[in-house]
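Presented below is the structure to which this report refers.
As the structure lists them, so they are numbered: ligands from 1, and atoms in each ligand from 1.
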Amino acid sequence: MQLDWKNLGFQYLPTHGQAQCDFADGKWGSLEFQTNPMLSMHVAANCLHYGQAIFEGLKAFRTKDGRVVMFRPDKNASRMRESAERLCMEAPSDELFIEACKMAVTRNIDFVPPYGTGASLYLRPLLIGTEATVGIKASSSYTFLVLVTPVGPYYKDGFHPVEALVMLDYDRAAPKGTGRAKTAGNYAASLLPGLLGKKKGFPIILFADPKENKYVDEFGTSNFIGITAAGEYKTPDSSSILQSVTNESLQLLAAEMGLKVVKEPIALDSLGQFSEVGACGTAAVITPVHAVHYGEKVFRFGEKDKAGQTLARLYKNLQAIQYGDSPDTHGWLVEV
Ligand SMILES: Cc1ncc(COP(=O)(O)O)c(C=O)c1O
């Protein structure tokens with residue numbers, strides 16, 4: 001496959017197909033590779049009306065020594081199970097989840113970008129309720145699929161810090177709501193605040209905790225991490241944010257680098273304690289944030305055009321493991 005790997009964005013490109021499996025009559029059917037990217041479903045399917053739709057996101061990489069590896073798919077499998085539980089859905093077992101990921105990558109192996117391009121193959125596992133229901137109830141049938149698409153390097157011309165806006169007019173999730181689940185509705189709800197933030201010139205927005213609006217929750221599609229001058233790696237302890245696989249991995253690397261990892265509520269008023277702030281997630285690993293606008297206040301972190309050195313090191317260390325440049329001492333990579 002010849003694609004302009006280095007200049008690919010984060011968008012959907014047609015591939016050979018997706019791994020797919022249906023749940024009906026109380027059991028999962030066989031896992032199959034489907035080449036038709038269109039799904040046929042009932043007009044009254046539960047996912048269309050009542051939002052039984054959850055998904056995941058992870059990446060596969062071509063390593064220096066020519067292997068193709070997925071980064072911690074077991075974490076995404078267990079997070080999908082947790083999301084499914086919150087939304088009363090039937091989840092695939094971890095084995096089925098990982099087998100489907102492997103099938104989707106293997107059958108699209110020529111879409112895994114070459115080592116050295118900074119590009120990767122993005123995997124999008126999806127689970128939807130398909131039963132025709134008009135009364136509100138959990139679906140008894142589901143489709144689970146894993147589609148893939150090659151994506152370019154997030155930072156094509158360097159690791160550029162951005163400015164974020166604290167969104168106080170809208171919440172991303174309700175207290176005791178579905179903020180911890182990776183469910184479609186959370187993202188639909190974040191579109192308007194995201195758009196309003198962009199109109200004001202902010203590429204990313206930071207949501208406050210939905211209960212008191214006083215604490216940091218998370219960015220629109222990534223977790224919040226902050227580094228203090230005292231050598232701490234802090235991230236919010238909140239029940240309404242997604243448990244980021246990237247954040248958890250960075251916490252381990254941070255501890256290995258000698259940083260003290262602290263998970264605690266982070267008051268918006270206390271953002272001045274940080275010398276570096278970042279947004280972390282699968283897509284970019286870390287996006288450095290050099291300013292957070294909170295009402296009339298502006299908190300600034302480090303230099304405008306340069307990421308702080310601790311976040312830059314964490315970013316480099318995680319990517320080095322993903323591309324096989326450093327040994328995978330934690331057993332995070334699953335070969336396909
Ligand atoms: C709301 C939200 N928070 C955090 C993350 C980061 O999670 P992960 O590191 O598992 O990609 C994502 C992206 O998937 C997200 O959508």
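Heavy-atom contacts of Glu218 reach the following atoms of ligand 1: 1 (C), 2 (C), 3 (N), 4 (C) (cutoff under 4.0 Å). Atoms of ligand 1 lying under 4.0 Å from at least one heavy atom of Arg79, given by number and element, are 7 (O), 8 (P), 10 (O). Atom numbering of ligand 1 starts at 1 in the shown order; those under 4.0 Å from a heavy atom of Cys280 are 6 (C). In the vicinity of Gly281, heavy-atom distances shorter than 4.0 Å reach the ligand 1 atoms 6 (C), 9 (O), 11 (O). Using a 4.0 Å cut-off to heavy atoms of Asn223, the atoms of ligand 1 that qualify are 3 (N), 4 (C).
Scanning both residues, Gln322 and Val69, for their nearest heavy atoms gives O-CG2, 3.8 Å. When all heavy atoms are compared, the tightest approach of Ser120 to Ala60 is CB-O, 3.4 Å.
Neither the backbone nor the side chain of Ala283 comes within 4.0 Å of ligand 1, counting heavy atoms alone. Contacts of Arg172 with ligand 1, taken as heavy-atom pairs under 4.0 Å, involve the side chain alone. Counting heavy atoms closer than 4.0 Å to ligand 1, residue Ser222 contributes backbone atoms (N, CA, C, O) but none from C-beta onward. Both the backbone and the side chain of Thr282 come within 4.0 Å of ligand 1, judged by heavy-atom distances. For Lys182, every heavy-atom contact with ligand 1 shorter than 4.0 Å involves the side chain, none the backbone.
Not close to ligand 1: Glu248, with no non-hydrogen atom less than 4.0 angstrom away. At least one heavy atom of Gly220 sits closer than 4.0 Å to an atom of ligand 1.
A ring-centre distance under 6.0 Å is found for Phe10 and Tyr122.
When atom types are taken as modelled, the side chain of Thr106 and the backbone of Lys102 share a donor-acceptor pair closer than 3.5 angstrom. A donor-acceptor contact shorter than 3.5 Å links the side chain of Gln52 to the backbone of Ser139. At distances below 3.5 Å, not a single donor-acceptor pair connects side-chain atoms of Ser141 with backbone N or O atoms of Ala24. Between the side chain of Arg62 and the backbone N or O of Val112 there is at least one donor-acceptor pair closer than 3.5 Å.
Salt bridge Lys234/Glu264: present, at least one basic N to carboxylate O contact under 4.0 Å. Ion pair Arg67/Asp65 flagged as a salt bridge, since at least one NZ, NE, NH1 or NH2 atom sits closer than 4.0 Å to an Asp/Glu carboxylate oxygen.
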Run His16 and Phe33 through ring-ring contact (aromatic ring centres under 6.0 Å, His included) and show every step you take.
CA-CA 9 Å; His16 301 308; Phe33 190 74; 7.8 Å; no
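Atom 5 (C) of ligand 1 has its closest protein heavy atom at Thr221 O, 3.5 Å. Shortest contact from atom 16 (O) of ligand 1 to any protein heavy atom: Tyr187 OH, 2.5 Å.
Ligand 1 has no nitrogen or oxygen under 3.5 angstrom from a nitrogen or oxygen of Gln243. For ligand 1, the polar-atom distance check finds no N/O of Asn76 at less than 3.5 Å from any of the ligand's N/O atoms.
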